[in-house]
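Working notes for the structure below.
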Amino acid sequence: MNPVVNVPPTMSTLDRFLFSFFNPDIAGRYWKAIAEGFVTTTWLGVTVIITGLVVGLALAVARAQHVKPLNFCIIVFADVFRALPPLVIIIILFFAFPYIEMAMSAFTATWLSLSLVLAAFAEEIFWAGILAVPKGQWEAARSTGMSRLETLQHVVLPQAVRMTVPPLTNRVMAITKGTALGSVVALHEILNVSSSASSESGNATPLLVGACAYLILFIPFVWFGRWIETRFAWKR
Amino acid sequence: METLLTVFFNVEIMKKVWPFLLQGLGMTVVLSLVVIPLGLAGGLGIAILSSLQRRWLNRVLIVYVDFFRAFPPLVLLIFIYFGFPFLQIDLPKFAAVALGFFLNTSSYFGEIFRAGFESIPRGQLEAARSTGLTRWQALVSVVIPQATRNVLPDLISNTLEVIKLTSLASVVALPELLNNARQAQALTYNATPVVLAALMYLLLLWPIVRLLSRLEHKSIALH
Amino acid sequence: MKQDLPPILELKGLVKSFGALQVLKGIDFSVQPGELAFIIGPSGSGKSTLLRCCNRLEEPDGGSVTVDGIDITAPGVDINRLRQKIGMVFQSFNLYPHMTALGNVTLALRKVQGMDKATADAKGRAALERVGLTDKADAYPNQLSGGQQQRVGIARSLALEPLIVLFDEPTSALDPELVGGVLKVMRELRESGMTMVVVSHEMAFARAAADRVVFMDQGQIVEQGPPEEVFGNPKHARLREFLATLADRH
Ligand SMILES: Nc1ncnc2c1ncn2[C@@H]1O[C@H](COP(=O)(O)OP(=O)(O)OP(=O)(O)O)[C@@H](O)[C@H]1O
Ligand SMILES: [Mg+2]
């Protein structure tokens, strides 16, 4: 997909610029498709956040049971999915798994990849939070007869999760932005829809509309992150 | 099991595509070596400028940082790569990729350094100035070293992200590791090249991931 | 104190090591119902480890720990159920910072005993009343002084109606002016008949309130007896030395 520039040759520079980037006709033609992409991106992001955080938390809780072989597996999982670029995982799931009869849709491949990556990072963050809760908290709770799991649930996790909010917010945002990688496997999310609209029309306006869609989606996220950071500054 | 081996870990194919992937790895390394120092320098610049506490300047910096953190890096890359021709600017592929990554990376590093600067008590700067150091000297020899140490885990973590980020250059067919692996996959009708590329990424990045885990747990233990 | 009844807590040949370091070298020790046993000894002599073995926060390596006739180290015992009967008060309070005083006191009632909130709250308030903190039920730990926090810590144990409460240096982390309030609560607790084992350096409290003072050194009980005897007529050189260093400090 090489960019084809479709501009009337007689135009002045400013007119060419406006025609290419702020073209109301083109915007009108494609905004609906981009809006659908917006819905896909949002839905993908929400499912990734939920799956990733739930799996990450479950893994951290499992790790707190101190079962050696299980912990080894969790650490390997977390290491691998933190080290691999998400795009590599998406491409393996989408293009390589069909070779072993495990084809999946572009949505599934992107969702699964990003969820695994978020789960890996979330596990590490939750685990660091659990470790940061002083040992005395465990001892106090255990001495009143609470089990390991009850202590984790009522005493340790509420404190750990609070500490993890700022780093988790940043990580969730970074990985949710990875939904744009779905465009590589032709998932019709914002980037895919707007860049194919752009090459189809030979005009950059759809790209600009897509960019605005991303800003609408993620700027509140960035602001939320800033607010969180000042509220719960994680003391190092 | 049989098919799994021939399709994912085919030794014949590994041998054949190895040099081509190695070439790609070279490009990945070069790209990282260009983007990381630029991003660090840009980020440090942002932090230094915002430590000047000029109101209008800070607003501009915050807009810059928030803007480029809000964009998915791939969107930035596509926008630059496909958008610039409309401005009749002919940017070489490598430059387009590096520019896109720089905008993203410098804003992340900027935020990290800014947090680092804020972690240094004002007294440090004042003590340095009281011994006659200029503002710049105090910054270079007192504030920056301490700030860097305080946010070292975050700096390393973001460096890891930047190296992973370079895989996005495959989308505009810059011949880095993932791009070459995908080409090899298309030519051999076999998943082995991509799996091999994944292993190469793992080998390259796993030590950084380990280091990070240790640093993070240590910093919490200290606290 | 009831001498003729079976002991509430009984340790026999208790042994505990950390790696190569043997911290408890065969401790025999028992506490009668209503008794206040006061443990003293130099730093590192194993006092905390001894207490922590009594509710298995540390696993003993050998010997037995019997609480109210039940060997708590036996395989298959429900240690969580037994721990409710063995209160523990920590040097660093260890209050849950995300819960109010009442929340701290009622957590185990609600989550382990499955008590409904109203009953648990009533019990929790009664426990807070015993430590003189009725008005602080809704305060969070960071809104309380150290002395108040420690009293909440005591109430947290009392709410479970324990048979015995173990105190590990309950006043060591407190500013001097806050120590008195905590000791007063402990005294009242003793007068109400609670069985207590106290590790502390508050010798005046020991003289006034302890039934028995136990001197530990290097993982062994070296000497024990009524406070006037242990303090007034120490037999072992090591105890005399220890008491002398304490006197120098004050
Ligand atoms: N978890 C542990 N791992 C290794 N060694 C330990 C551990 N807990 C205690 N020890 C060691 O066991 C010995 C006894 O410790 P303990 O805390 O029981 O002493 P203590 O009499 O309570 O001293 P203090 O008056 O300082 O509180 C010390 O040498 C200590 O270093
Ligand atoms: Mg101790």
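All of these numbers come straight from a predicted model, not from anything done at the bench. By convention in this document, chain letters (A, B, ...) are assigned in the order of the sequence lines, proteins followed by strands, and residues within each chain are numbered from 1.
Two residues are said to be in side-chain contact when any heavy atoms from C-beta on lie closer than 4.5 Å; B:W18 and B:M200 meet this criterion. No side-chain heavy atom of B:S106 sits less than 4.5 Å from a side-chain heavy atom of B:L38. In this structure, A:L187 and A:L44 have side chains that are in contact, with non-hydrogen atoms separated by less than 4.5 Å.
A salt bridge is absent between B:K16 and B:E12: the closest approach of a Lys/Arg side-chain nitrogen to an acidic carboxylate oxygen does not fall below 4.0 angstrom. The pair A:E200-A:R29 fails the salt-bridge criterion, with no side-chain N (NZ, NE, NH1 or NH2) lying under 4.0 Å from an Asp/Glu carboxylate O. With respect to the salt-bridge test (charged N to carboxylate O, under 4.0 angstrom), the residues B:E161 and A:R171 qualify.
Looking at A:S194, there are no atoms closer than 4.5 Å to chain B (heavy atoms on both sides), in backbone or side chain. With a 4.5 Å cut-off on non-hydrogen atoms, B:A197 does not touch chain A at all. Neither the backbone nor the side chain of A:L217 comes within contact range of chain B; no heavy atoms are under 4.5 Å apart. Heavy atoms closer than 4.5 Å to chain A are found nowhere in B:T166, neither backbone nor side chain.
Between the side chain of A:N23 and the backbone N or O of A:F19 there is at least one donor-acceptor pair closer than 3.5 Å.
In terms of heavy-atom pairs under 4.5 Å with chain B, the best-connected choice from A:L207, A:I91, A:D79 is A:D79. When B:L165, B:N190, B:I163, B:T192 are compared by the number of non-hydrogen pairs under 4.5 Å with chain A, B:N190 comes out ahead. Among the candidates B:V172, B:L168, B:I208, the residue making the largest number of heavy-atom pairs closer than 4.5 Å to chain A is B:L168. Among the candidates B:L74, B:V65, B:V194, the residue making the largest number of heavy-atom pairs closer than 4.5 Å to chain A is B:L74. Between chain B and the residues A:I190, A:L208, A:T176, A:I89, the largest count of heavy-atom pairs under 4.5 Å involves A:L208. When each of B:F67, B:Y108, B:Y201 is scored by its heavy-atom pairs under 4.5 Å with chain A, the top score falls to B:Y201.
Nearest heavy-atom pair, A:F81 versus A:F121, reported as atom, atom and distance to 0.1 Å: O-CE1, 4.3 Å.
More than 12 non-hydrogen atoms from other residues, nucleotides or ligands lie less than 6.0 angstrom from CZ of B:R210.
Interface with chain B: from residues 94-103 of chain A, residues A:F95, A:A96, A:F97, A:Y99, A:I100 qualify, criterion being any non-hydrogen pair under 4.5 Å.
Below 30°, between 30° and 60°, or above 60°: for A:F221 and A:F218 the angle between ring planes is below 30°, a parallel geometry. Aromatic ring pairs are classed by plane angle as parallel below 30°, tilted from 30° to 60° and perpendicular above 60°; the pair B:F86 and A:F21 is perpendicular.
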